[in-house]
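Counting starts at 1 for both ligands and their atoms, in listed order. For the numbers below, each heavy atom of this structure counts, side chains included, while hydrogens, waters and symmetry mates do not. Along the sequence shown, residues carry numbers from 1. Because the structure is a prediction, the values reported are computed rather than measured.
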Amino acid sequence: MSTDELKSYGVRQATALQSDVDRFREEIVINGFTVVPDLVSEAELAEARKRIDAVYAEQVNEVGGEENLRKINDARVGRCLLAYDDYFLGFATNPRVHAVVASLLGEYFTILQQNAVINAPTNKHYQSAWHRDLAYQHFVSSRPLAVSALFCIDDFSEVTGGTYVLPGSHKTEPFPSPEFIKAHERTVTAKAGSALIFDSMIYHRGGVNRSTGLRRGINHLFGLPFIKQQISFPKSLGGKYKDDPALSRFLGYDTEAAESVVHWRTNRIQAAK
Ligand SMILES: O=C(O)CCC(=O)C(=O)O
Ligand SMILES: [Fe+2]
């Protein structure tokens, strides 16, 4: 529809889009979510599937078996992927996703989480419970605090269990009533290779996978740098990428809590030189 056909009155302020990024940003600000298509090629998707399964197998092994993950509701989630396999740094730093995130958070944001979500057929997956990615938070802010980017590694469809969202729920404090949820929840369907990008405060959940294959995704949580990482990337990486200024900032090296007053001051004195 051209803007000429759009009748309105009493409007003194209106949004005009200059780019795709503006369009994605507007959808996230108002609805709480958007889908960015065509981010990952078929060949990369095939590679990512194998590597997600390999990292998950390694992490199952680390804790002595999947039953231990089931005990803590953490089965079928791979955590901190890029600390296990460099390949996943490419997803975390995707420039088209970063442009959308920066339009909402500004240029300085850090990675708080990078998780593989492996939704198996008919598995009652933990993440299929409604939640905010900034869990336990019940305030709303005038600007976004964190943005999630969930890459679809397999198709997200009605059958494979696309993510459910409650549009606009990033803007109200309490979890909405069952009646509201029933009336307004919607499934987001998206082709493999796209990403569902959302305000991390929107209520959402995984769908139930009624297909015969795995439905994998890689979720990222990007946040303002004062927000704590769930698992420390700097410590998990053991100093890797620290010498690259942009990466070290993004991975949280620059915003780790200082060990002491002297450490904090020494770092600042060095930087002031
Ligand atoms: O698997 C999904 O569709 C949702 C995943 C999710 O909510 C998460 O990783 O926080
Ligand atoms: Fe989530």
Side-chain angles (χ1 to χ4, degrees), residues 28 31-37 39-40 45 48-49 52-53 55-56 59 69 72-82 84 88 91-92 94 97 101 104 111-138 144-170 175-176 181 185-211 213-223 227-231 233:
I28 295 169
N31 294 335
F33 68 100
T34 193
V35 174
V36 178
L39 292 165
V40 190
L45 289 171
R49 286 179 195 120
I52 286 172
D53 296 350
V55 170
Y56 182 62
Q59 294 189 351
L69 293 181
I72 57 164
N73 282 329
D74 209 33
R76 303 205 164 269
V77 179
R79 295 197 180 267
C80 247
L81 302 181
L82 66 84
Y84 285 75
F88 294 107
F91 286 89
N94 182 291
V97 171
V101 176
L104 292 149
I111 182 164
L112 305 176
Q113 297 184 35
Q114 186 186 44
N115 303 325
V117 278
I118 306 166
N119 193 340
T122 66
N123 171 353
K124 280 274 170 213
H125 198 264
Y126 176 62
Q127 294 295 8
S128 77
W130 289 106
H131 63 281
R132 287 178 157 151
D133 279 355
L134 294 178
Y136 302 103
Q137 303 312 308
H138 282 289
L145 299 166
V147 175
S148 302
L150 174 56
F151 283 84
C152 308
I153 304 301
D154 297 292
D155 286 342
F156 278 39
S157 69
E158 300 273 357
V159 179
T160 62
T163 309
Y164 280 78
V165 296
L166 282 178
S169 60
H170 58 307
F175 183 47
I181 292 167
E185 69 175 6
R186 67 163 274 204
T187 320
V188 184
T189 55
K191 297 297 283 175
S194 38
L196 166 61
I197 306 189
F198 51 102
D199 186 310
S200 303
M201 290 296 279
I202 197 176
Y203 278 103
H204 64 281
R205 65 177 175 93
V208 176
N209 183 354
R210 297 190 183 82
S211 77
L214 297 178
R215 194 234 60 187
R216 302 173 193 77
I218 305 176
N219 194 22
H220 297 81
L221 197 53
F222 301 115
I227 304 177
K228 193 159 67 80
Q229 294 174 336
Q230 180 186 52
I231 299 165
F233 278 97

Determine, using heavy atoms of N115 and all atoms of ligand 1, whether some pair is separated by less than 4.0 Å.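 Contact absent.
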Heavy-atom gap N119 to ligand 1 smaller than 4.0 Å: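 It does not, in that no heavy atom of N119 comes within the 4.0 Å cut-off of ligand 1.
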Going through the distances and angles, do Q113 and I231 end up as a side-chain contact (heavy atoms from CB on, under 4.5 Å)? CA-CA 7 Å; Q113 297 184 35; I231 299 165; over 6 Å; no
Between R205, R132, H131, Q113, which one has a non-hydrogen atom sitting closest to atom 6 (C) of ligand 1? H131
Flag N219 as yes when one of its N or O atoms lies below 3.5 Å from any N or O atom of ligand 1, and as no otherwise. yes
Do [X] and [Y] meet the criterion of a side-chain donor-acceptor pair at a distance under 3.5 Å?
X	Y	result
S148	S200	yes
R79	Q114	no
D155	S157	no

So, the side chain of H220 versus the backbone of A149: is there a donor-acceptor pair under 3.5 Å, distance only? yes
My understanding is that only one of L45, N119, T160, D53 makes a side-chain contact (heavy atoms from CB on, under 4.5 Å) with R216; could you say which? D53
According to the interplanar angle, ranging from 0 to 90°, do the rings of Y203 and F175 count as parallel (below 30°), tilted (30 to 60°) or perpendicular (above 60°)?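 Ring orientation, 0 to 90° scale: tilted.
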For [X], take its heavy atoms, then give the atoms of ligand 1 lying under 4.0 Å from any of them.
X	value
T163	2 (C), 3 (O)
R215	1 (O), 2 (C), 3 (O)
D133	10 (O)

Of the N, O or S atoms in D133, the one nearest the Fe ion (ligand 2):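 Of all N, O or S atoms in D133, the Fe ion (ligand 2) lies closest to OD1.
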So, of the N/O/S atoms that H131 has, which is the nearest one to the Fe ion (ligand 2)?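 Among the N, O or S atoms of H131, the one closest to the Fe ion (ligand 2) is NE2.
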